[in-house]
Amino acid sequence: MGPLTVSPMGFGTWAWGNQLLWGYQPSMDSQLQQVFNLAVENGINLFDTADSYGTGRLNGQSEKLLGKFIREFQGEKRIRDEIVIATKFAAYPWRLTSGQFVQACRASRDRMQIEQIGIGQLHWSTANYAPPQELALWNGLVAMYEKGLVKAVGFSNYGPKQLVKIHDYLKARGVPLCSAQVQFSLLSMGEDQMEIKNICDCLEIRLISYSPLGLGMLTGKYTPSRLPQGPRGLLFKQVLPGLKPLLVSLREIAEKRCKTIPQVAINWCICKGTIPIPGVKTVKQAEENLGALGWRLSSNELLQLDYAAQESPRRMIQNIFQTK
């Protein structure tokens, strides 16, 4: 991934500090440390976070926890030094200059207490609602890269057209774009997602696929009569009834492979040439996600899943900030 070497799968840390959607409590921190240790001890070195992760007074908590876990990791120094933190900077309405994004980058670095951030990413584009702010975002990436605050730069939630624009702009400024992060899974596979993937391949940008398990809908744990609590339950109630063809195929392949449904869904993302970053809250989830590595779905299995996804009438709703 640009100047960095990353594992074929990373871990997402949206839940580390988010009480509203994921029910985070500080009492979970010791288990999250175990999750982190288990991940790096098994070769995972990419962790994705954001300066907006964490709700209310816990804003920035995900970054703080990641920094703490790195400092307290008891394993080999070589392993610790190879960890790549990819954090995202929110396009808040009051961040109107490149200098404000540099300040945001420094604040993230301070929260994590690290010398240099691996990948500095724009969390979303403002092209849909505040086009004049977009140039400040791009110049912010340039400035934080030139000042050595980040090793590489990337972005999140950019569609095909904006992707090409930001790539060309950064290239003209001498800043290589190393990653593009979009919602990419069997549940969100569509023309835009595949076009983004093809453009990334042509421009030598690595695609990071977030929500590879569709917020949990591709785990096989939930049914229309057994839904998670909170806002996710409302979404699941709309989408799950239309996922039967896909979930049946996932279960069939999982049983044949002696794998779990989430492991098959994550492996599909890897086989498509992306780097999935499933979220993890527990050691059990981390162990299961690690089981997606070290093997590959066959071409026939990939075709079966692609077809089943197309036959499932419901899709994951796209991020409201996703651009064209």
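All values below come from the heavy atoms of this structure, side chains included, with hydrogens, waters and symmetry mates left out. We count residues from 1, following the sequence as given.
No more than 12 heavy-atom neighbours from other residues, nucleotides or ligands sit within 6.0 angstrom of CD on Glu204. In this structure, Arg71 places its CZ atom where more than 12 heavy-atom neighbours from other residues, nucleotides or ligands lie under 6.0 Å away. Environment of CD in Glu115: sparse, with no more than 12 heavy atoms of neighbouring residues, nucleotides or ligands closer than 6.0 Å.
Arg296 is linked by a side-chain hydrogen bond (donor to acceptor under 3.5 Å, both in side chains) to nothing, counting only residues two or more places apart in sequence or in another chain.
In plain terms, the two heavy atoms of Ser185 and Ser211 that are nearest each other are CB-O, 3.6 Å. Of all heavy-atom pairs spanning Gln121 and Ser179, the tightest one is OE1-OG, 4.2 Å. Residues Ile79 and Val40 come closest through the heavy atom pair CG2-O, 3.9 Å. In terms of heavy-atom proximity, Gln162 sits nearest to Ser125 at NE2-OG, 3.9 Å. When all heavy atoms of Leu218 and Ile261 are compared, the closest pair comes out as O-CG2, 3.2 Å. Across all their heavy atoms, Ala15 and Tyr24 have their closest contact at O-CB, 3.5 Å.
Using modelled atom types, one finds no donor on one side chain facing an acceptor on the other under 3.5 Å when comparing Asp306 with Gln310. Under the 3.5 Å distance criterion, with hydrogens and angles disregarded, no donor-acceptor pair is assigned to the side chains of Gln193 and Ser188.
Note that CG of Leu141 is 11.0 Å distant from CD of Glu146, once rounded to the nearest 0.5 Å. Atom OH of residue Tyr169 and atom CH2 of residue Trp138 lie 8.0 Å apart, to the nearest 0.5 angstrom. Taken to the nearest 0.5 Å, the OH atom of Tyr145 stands 13.5 Å off from the SG atom of Cys105. We find the NZ-CH2 distance between Lys281 and Trp22 to be 7.0 Å, quoted to the nearest 0.5 Å. The CD1 atom of Ile208 sits 5.5 Å away from atom CG of Leu46, with the distance rounded to the nearest 0.5 Å. Expressed to the nearest 0.5 Å, how far CG of Leu149 lies from CD1 of Ile117 amounts to 7.0 Å.
No continuous path of ILVMFWY side-chain contacts below 4.5 Å connects Leu303 to Leu186, so the two sit in separate hydrophobic clusters. There is no path of hydrophobic side-chain contacts, each under 4.5 Å, that joins Leu96 to Met144. Leu240 and Val248 are not part of a single hydrophobic cluster, where members link through side-chain heavy atoms under 4.5 Å apart. Leu247 and Tyr307 are assigned to two separate hydrophobic clusters, defined by single-linkage of ILVMFWY side chains at heavy-atom distances under 4.5 Å.
Not one N or O on the side chain of Ser209 forms a donor-acceptor pair closer than 3.5 Å with the backbone of Pro212. In this structure a side-chain-to-backbone donor-acceptor pair under 3.5 Å is missing from Thr49 to Thr87. For the pair Asn18 (side chain) and Gly54 (backbone), a donor-acceptor distance under 3.5 Å is absent. Looking at Ser249, its side chain never comes within 3.5 Å of a backbone N or O of Leu246 through a donor-acceptor pair. Not a single donor-acceptor pair under 3.5 Å links the side chain of Gln181 to the backbone N or O of Asn157. Between the side chain of Ser7 and the backbone N or O of Asn45 there is at least one donor-acceptor pair closer than 3.5 Å. In this structure, Gln263 contributes its side chain and Thr260 its backbone to a donor-acceptor pair below 3.5 Å. Within the 3.5 Å criterion, the main-chain N or O of Val84 finds no donor-acceptor partner in the side chain of Lys151. Judged by distance alone, the side chain of Thr126 and the main-chain N or O of Pro131 form no donor-acceptor pair under 3.5 Å. Side chain of Gln133 to main chain of Tyr92: a donor-acceptor pair is present (N/O by atom type, distance under 3.5 Å, no hydrogens or angles).
A salt bridge is absent between Lys68 and Asp29; no separation between the charged side-chain nitrogens and carboxylate oxygens falls under 4.0 Å. Look at Arg257 and Glu301 and you find a salt bridge, because one of the NZ, NE, NH1 or NH2 atoms lies within 4.0 Å of a carboxylate O, short of that distance. Remark: Glu82 engages Arg78 in a salt bridge, criterion side-chain N to carboxylate O under 4.0 Å. Under 4.0 Å is where a charged nitrogen must lie from a carboxylate oxygen, and between Lys197 and Asp201 at least one such pair does.
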Which is it for Arg173 and Asn139 under the side chain to side chain contact (heavy atoms under 4.5 Å, CB included) test, yes or no, and what are the steps along the way? CA-CA 9 Å; Arg173 296 290 302 273; Asn139 286 334; 2.9 Å; yes
Worked verdict on Thr223 versus Arg226 for side chain to side chain contact (heavy atoms under 4.5 Å, CB included): CA-CA 5 Å; Thr223 67; Arg226 189 160 142 264; 3.3 Å; yes
Run the numbers on Leu293 and Ile266 for side chain to side chain contact (heavy atoms under 4.5 Å, CB included), then give the verdict. CA-CA 9 Å; Leu293 299 173; Ile266 293 171; over 6 Å; no
List the steps, then state whether side chain to side chain contact (heavy atoms under 4.5 Å, CB included) holds for Leu207 with Ile275. CA-CA 6 Å; Leu207 193 146; Ile275 300 174; over 6 Å; no
Run the numbers on Asn300 and Gln304 for side-chain hydrogen bond (donor to acceptor under 3.5 Å, both in side chains), then give the verdict. CA-CA 6 Å; Asn300 285 338; Gln304 179 184 341; over 6 Å; no
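Evaluated for a salt bridge (Lys or Arg N to Asp or Glu O under 4.0 Å) with Asp51, the options Arg109, Arg95, Lys64, Lys88 yield exactly one hit, Arg95.
Ring geometry, Trp268 versus Phe184: the interplanar angle falls under 30°, so the pair is classed parallel (tilted spans 30 to 60°).
A 4.5 Å side-chain heavy-atom check between Leu243 and Pro245 finds every atom pair outside the cut-off. Proximity of Phe236 to Leu215: side-chain heavy atoms (C-beta onward) are separated by under 4.5 Å at one or more points. At least one side-chain heavy atom of Ile70 sits less than 4.5 Å from a side-chain heavy atom of Arg80. Using a 4.5 Å heavy-atom threshold, the side chains of Leu170 and Pro176 count as separate. Considering only heavy atoms from C-beta on, Leu297 comes within 4.5 Å of Ile253 through its side chain. At least one side-chain heavy atom of Leu177 sits under 4.5 Å from a side-chain heavy atom of Ile166. Pro278 is listed as a side-chain neighbour of Met9, based on a closest heavy-atom distance under 4.5 Å. With a 4.5 Å cut-off on side-chain heavy atoms, Leu38 and Leu290 count as touching.
Remark: aromatic rings of Phe36 and Phe47 are close, center separation under 6.0 Å. Taking the six-membered ring where the residue is Trp, the centroids of Trp16 and Phe69 are separated by under 6.0 Å.
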